[in-house]
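Structure first, commentary second.
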Amino acid sequence: MSMPEKPSLDGLEAKWNEWWQASGTYRFDRSKARERVYSIDTPPPTVSGSLHVGHVLSYTHTDLVARFQRMRGLEVFYPMGWDDNGLPTERRVQNYFGVRCEPSLPYDPVYDYSALERPEDRDQIPLSRQNFIELCGRLTVEDEKAFEDLFRHLALSVDWDHTYTTIGERSRRASQRAFLRLLANGHAYTAEAPTMWDVDFKTAVAQAEIEDREQEGQYHRIAFDREDGGTVEIETSRPELIPACVALVVHPTDERYAALVGSTVLTPLFRVPVPVMAHALADPEKGTGVAMICTFGDVTDVTWWRELGLPARVIMQKDGSIGKKTFGEPGWESRDPAAANAALAQIAGMYGKKARKKIVEMLTASGHLLGEPQTIKHPVKFYERGERPLEVISSRQWFVRTLEHREDLLRRGAELAWHPPFMRARFDGWVQGLNADWCVSRQRFFGVPFPIWYRLDENGDANYTSPLVPDEARLPVDPLADVPDGFTAGQRGQAGGFTGDPDIMDTWATSSVTPQIASGWEDDPDLFSRVFPMDLRPQSHEIIRTWLFYTVLKAELEHSSLPWTDVAISGWVLDPDRKKMSKSKGNVVTPLGLLEQHGSDAVRYWAASARLGADASFDEQQMKVGRKLAIKILNASRFTLGMEAVPGEVTEPLDRSMLAALRDVVERATKAFAGYDHARALDLAETFFWAFTDDYLELVKQRAYGAHGESGAASAVGALRTALDVLLRLFAPFLPYVTEEVWSWWRPGSIHRATWPAAEDMGAGAAQGDLAVYQLGADILTAVRKEKALQKVSLRAAVDLVTVHDVPERLDLLRHVEPDLIEAGNITRIERALAETPSVVTVLAPVEG
RNA sequence: GGGCGAUUAGCUCAGCUGGUUAGAGCGCAUGCUUGACAUGCAUGAGGUCACUGGUUCGAGUCCAGUAUCGCCCACCA
């Protein structure tokens, strides 16, 4: 045994990290069969951002499970991914190097990237997609290194040999393969349809990426002229869309307007004849009860347009400006085309607000604007990363069917074990509220391309109904660089030739196959068979509707199974103002700073104290408590292991009682941990441990030193060692450094490969232990201390007489702890007195001198 | 507007299937250098368990409602 004279936490992290790495403590042994494996679908952090306290919380939670399951004898598959796919990286690489992704360019395999690393280069140099990906790799490799260092420092027991990046070749291959199979099975389709569109990023977005923001707007009351001379009034917040108006709509039962239904009215300024129709979605309570249907102002317009079979008159362009159209041409009928074209010319080329202002002036002049516009607050749909409201724009997109799988997905959601269970409601709510299939294509450049080409007919028009697909063995492909089988590069873009699909996939199309990517799907069937479907998906609650939902969807459609059996949802870290940490002072509190200041074990202790699903308050005080616990473990261990007596059979009733109590703790902590309640497991171990040092250690200290002979000492030291051995293992998942340190003093190998404690570890003595003995000893010791504290004397102060008032059963047990109590309390003699209540009362005789 | 969660000591939180006087840690107060630990130890003072009803022999715990806070979803005429 090699035990330091003065144990300390300093230096433990560097020391053990190096050792764990060198000895492969956390390496996954892929010889184990699936039932002996516990596999984790680790969330890949976005490498274009930085890690914050929230990551520390949730990644620690995952690591606790990993360590627990590893100690329980399962081979833990705990990979790490880096999310460098998508818009954040695209923008970062763009700004950092002064480049842009230009997918039409051919790949240059010998590109000299070092030339880009001059800060004065800001000219948006175009790069091929493959070169852009490589450049991304150059930038993110540094971030990934920093992230890995932090995660190692935090002691995540990840197998660093199993990593992936979401833009990497394996991820692209898996994403493309998944897509091709969806296509082959009819789950993916392409369609020209109105979809939510971001006018700044100029791409379609999916329902899951949309958020509502409260915005100020104005209701304008506007008159439409009836052919018989009267008017119909509507209210709209978007008068600039009047030229796109294709109908008015009222509720079928709205008697005020019943006579109007079926008639034709003229739009103001543009004099376009539009029908008045009836539809149940029209709300009589809103505005005048008459709604203007435009192509397209919002998603309700899309519904009306589709269900009422209306024509489309689209004026909104993909950049959010009003386009030029010619009234009088087919589809753009007007009773006064000249006036209509003049009116449109006034707003053409303008964006939202400006166009609105202009058309309001025109409506005022024409007398169609009634009264003053009413300022209102209303929710407006935004792309979650966007700055301008979304428009509904018709375009060709790829979709994955979700609506028709609603029931299957709900059933899968019910099969999944949610921790905590109430989080399932978010999934169910989202699935039930789905209103569109998953729009999976993005008109961006940096991401996984669709592995799709289209034949061009003799006119050069693309054939979208039977796309050309590559053999899976060719994946990943870039359709703008690679050529479909049976064609030559020269046929690209030629009539009778082919064209590549220019779009990339939604970043979630890749993220939703992280279990497959990490498991080596098709690339490594042997690994896949041992780890998939996985056991655990850890994540936070705000991405249940995206990451969790899409992953369940993909696994259902491809594997007809769940991607994992359990999902653990961590909460957020809230600052003292109860605001989400990353949004308030996330930049001032850096995870590395915390680890350095308090120590990783201490920070992990804070994280482990928070239950799954519950938001944790950022509390450095709690970290200090964790540090105190780690130090206490060092000292109590040194004390226990420093006993010179030879440990022997545990014969003393007090020792057996303590072990019996510990056995109870082991059983309860194991049950809690197995049920993903790590906070409870920690609390149980910790509560026992502090009582162990405060009471048990004090009670047996003198006996362990040999005050009552060899066998008494042997029993005490034997019990102490057993308890320490078990306690260290109970704490190992929470405090990996300090427990490894103490373990190294007297045990071979890593504690993190040791077996999780079991009831048998407490030995035969514990089986005969009576919990009441330990309790009684602690009660009396506390009472004696209390008296000394009241008398303001030292705890070592000598006492003549202690009288124990208690019930007969407890008085009977007193003989088991009497000698230890006499030593621990420095008491001369103990007298017994019968009492009615089972509570212990001790009265001290006057303290000696 | 719909849903989920929270509300227990000054602060951060436990309190599992309802059962004697509601717990812990921090902070605070008062003491104590005792042969593991002053990065320590002991003792103590702090609570009408958000509110209102109800069920029950008995409610922090179950039910209904109210309030406040947080989150998710819906809401563009």
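Order of the sequence lines fixes the chain letters, A, B, ..., with proteins taken first and strands second; residue numbering starts at 1 for each chain. Just so we're clear, the structure is a prediction, and the values are computed from it rather than from any experiment.
- Side chain of A/Asp212, nearest nucleotide from B/rC4, B/rC75, B/rC41: B/rC75.
- Across the strands present, B/rG18 finds no partner; the criterion is a Watson-Crick or G-U wobble pair with both atom distances under 3.5 angstrom.
- Using Watson-Crick or G-U wobble geometry with both donor-acceptor distances under 3.5 Å, B/rC11 finds its partner in B/rG25.
- Distances shorter than 4.0 Å separate none of the side-chain N or O atoms of A/Lys6 from OP1 or OP2 on B/rC37.
- Taking atom CD1 of residue A/Ile543 and atom C1' of nucleotide B/rC73, one finds them 17 Å apart after rounding to whole Å.
- For the P atoms, the distance from B/rU66 to B/rG2 is 10 Å, rounded to whole Å.
- A salt bridge links A/Arg424 with A/Asp428: the distance from a Lys NZ or Arg NE/NH1/NH2 to an Asp or Glu carboxylate oxygen falls below 4.0 Å.
- Between B/rG25 and B/rG3, the distance separating the two P atoms is 41 Å to the nearest Å.
- Closest to the A/Ser237 side chain, of the nucleotides B/rC13, B/rC76, B/rG5, is B/rC76.
- Using a 4.0 Å heavy-atom distance criterion, A/Ile544 is classed as making no nucleic acid contact.
- Comparing B/rC4 with B/rC62, their P atoms sit 15 Å apart, to the nearest whole Å.
- Applying the 4.0 Å criterion to OP1 and OP2 of B/rC26, one finds that A/Lys628 has a side-chain N or O inside that range.
- Residue A/Ala789 is classed as a sugar-phosphate contact, given heavy-atom separations below 4.0 Å to backbone atoms only.
- Across all strands shown, A/Ile631 has heavy atoms under 4.0 Å from base atoms, whether or not it also approaches the sugar-phosphate.
- One atom, CD of A/Glu698, and another, P of B/rG40, lie 15 Å apart when rounded to the nearest Å.
- Residue-level contact check: A/Lys624 touches neither bases nor backbone, having no heavy atom under 4.0 Å from any strand.
- Rounding to the nearest 0.5 Å gives a distance of 13.0 Å between NZ of A/Lys701 and OH of A/Tyr696.
- Residue A/Trp690 has its side chain nearest to B/rC41 when only B/rC37, B/rC41, B/rC72 are considered.
- One can place CG of A/Asp619 at 10 Å from C1' of B/rG25, the figure rounded to the nearest angstrom.
- A ring-centre distance under 6.0 Å is not found for A/Trp508 and A/Phe549.
- Listed pair A/Ser609 / B/rC13 fails the phosphate criterion, with no side-chain N or O lying under 4.0 Å from OP1 or OP2.
- Remark: A/Glu620 CD is packed, more than 12 non-hydrogen atoms of other residues, nucleotides or ligands lying under 6.0 Å away.
- B/rU34 atom C1' lies 6 Å from atom CZ of A/Arg796, rounded to whole Å.
- With the nearest nucleotide of RNA chain B identified for both A/Arg680 and A/Met423, A/Met423 has the one nearer the 5' end.
- Residue A/Arg426 has no polar side-chain atom (N or O) positioned under 4.0 Å from OP1 or OP2 of B/rC71.
- Atom CD in A/Glu686 sits roughly 12 Å away from atom C1' in B/rC13 (whole-Å rounding).
- Among the protein residues, A/Gln621 comes within range of the sugar-phosphate backbone only, with heavy atoms under 4.0 Å from sugar or phosphate atoms but none that close to a base.
- Within the shown strands, B/rG3 is the pairing partner of B/rC71 under the Watson-Crick or G-U definition, both distances less than 3.5 Å.
- Between B/rC75, B/rC71, B/rG40, one nucleotide has an atom nearer to the side chain of A/Lys632 than all others, and that is B/rG40.
- Side-chain proximity of A/Leu795 to B/rA74, B/rU43, B/rC41: nearest is B/rC41.
- The gap from the P atom of B/rC16 to that of B/rU8 amounts to 16 Å, rounded to the nearest Å.
- Remark: B/rC51 base-pairs with B/rG65. Criterion, Watson-Crick or G-U wobble with two distances under 3.5 Å.
- The nucleotide B/rG31 finds its pairing partner in B/rC41, both defining distances of the Watson-Crick or G-U wobble pair being shorter than 3.5 Å.
- Here the P atom of nucleotide B/rC76 and the CD1 atom of A/Ile234 are 15 Å apart, to the nearest Å.
- Nucleic acid contact class of A/Asp428 (heavy atoms, under 4.0 Å, all strands): none.
- Under 4.0 angstrom from either OP1 or OP2 of B/rG44 there lies at least one side-chain N or O belonging to A/Lys786.
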From CA spacing to verdict: side-chain contact (heavy atoms from CB on, under 4.5 Å), A/Phe688, A/Thr693:
CA-CA 9 Å; A/Phe688 179 91; A/Thr693 58; over 6 Å; no
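- Among the atoms of the strands shown, base atoms are found under 4.0 Å from some heavy atom of A/Ala282.
- Salt-bridge formation is detected for the pair A/Arg221/A/Glu233: a Lys NZ or Arg NE/NH1/NH2 atom is positioned less than 4.0 Å from an Asp or Glu carboxylate oxygen.
- Nucleotides B/rU48 and B/rA59, compared at atom C1', are 14 Å apart to the nearest Å.
- Nearest-nucleotide positions on RNA chain B for A/Gln218 and A/Leu574 put A/Leu574 closer to the 5' end.
- Counting only distance, with no hydrogens or angles, the side chain of A/Asp677 and the backbone of A/Phe673 share no donor-acceptor pair below 3.5 Å.
- Using a 4.0 Å cut-off between charged nitrogen and carboxylate oxygen, A/Glu209 and A/Arg545 do not count as a salt-bridge pair.
- Heavy atoms of A/Glu233 sit nowhere under 4.0 angstrom from any nucleic acid atom.
- Glycosidic torsion of B/rG46 falls within 90° of 0, placing the base in syn.
- B/rA50 and B/rA22: their P atoms are spaced 15 Å apart (whole Å).
- Backbone-only contact: A/Lys792 has heavy atoms under 4.0 Å from sugar-phosphate atoms and none from a base.
- At a cut-off of 3.5 angstrom, the base of B/rC76 holds no donor-acceptor pair with the side chain of A/Lys381.
- Considering every non-hydrogen atom in both A/Ser609 and A/Ala679, the closest pair reads O-CB, 3.8 Å.
- Going from the C1' atom of B/rU12 to that of B/rG1 covers 34 Å, rounded to whole Å.
- Taking atom CZ of A/Arg545 as the reference point, atom P of B/rC4 lies 19 Å away to the nearest angstrom.
- In this structure, the nucleotide among B/rC76, B/rC32, B/rA42 sitting nearest to the side chain of A/Ser794 is B/rC32.
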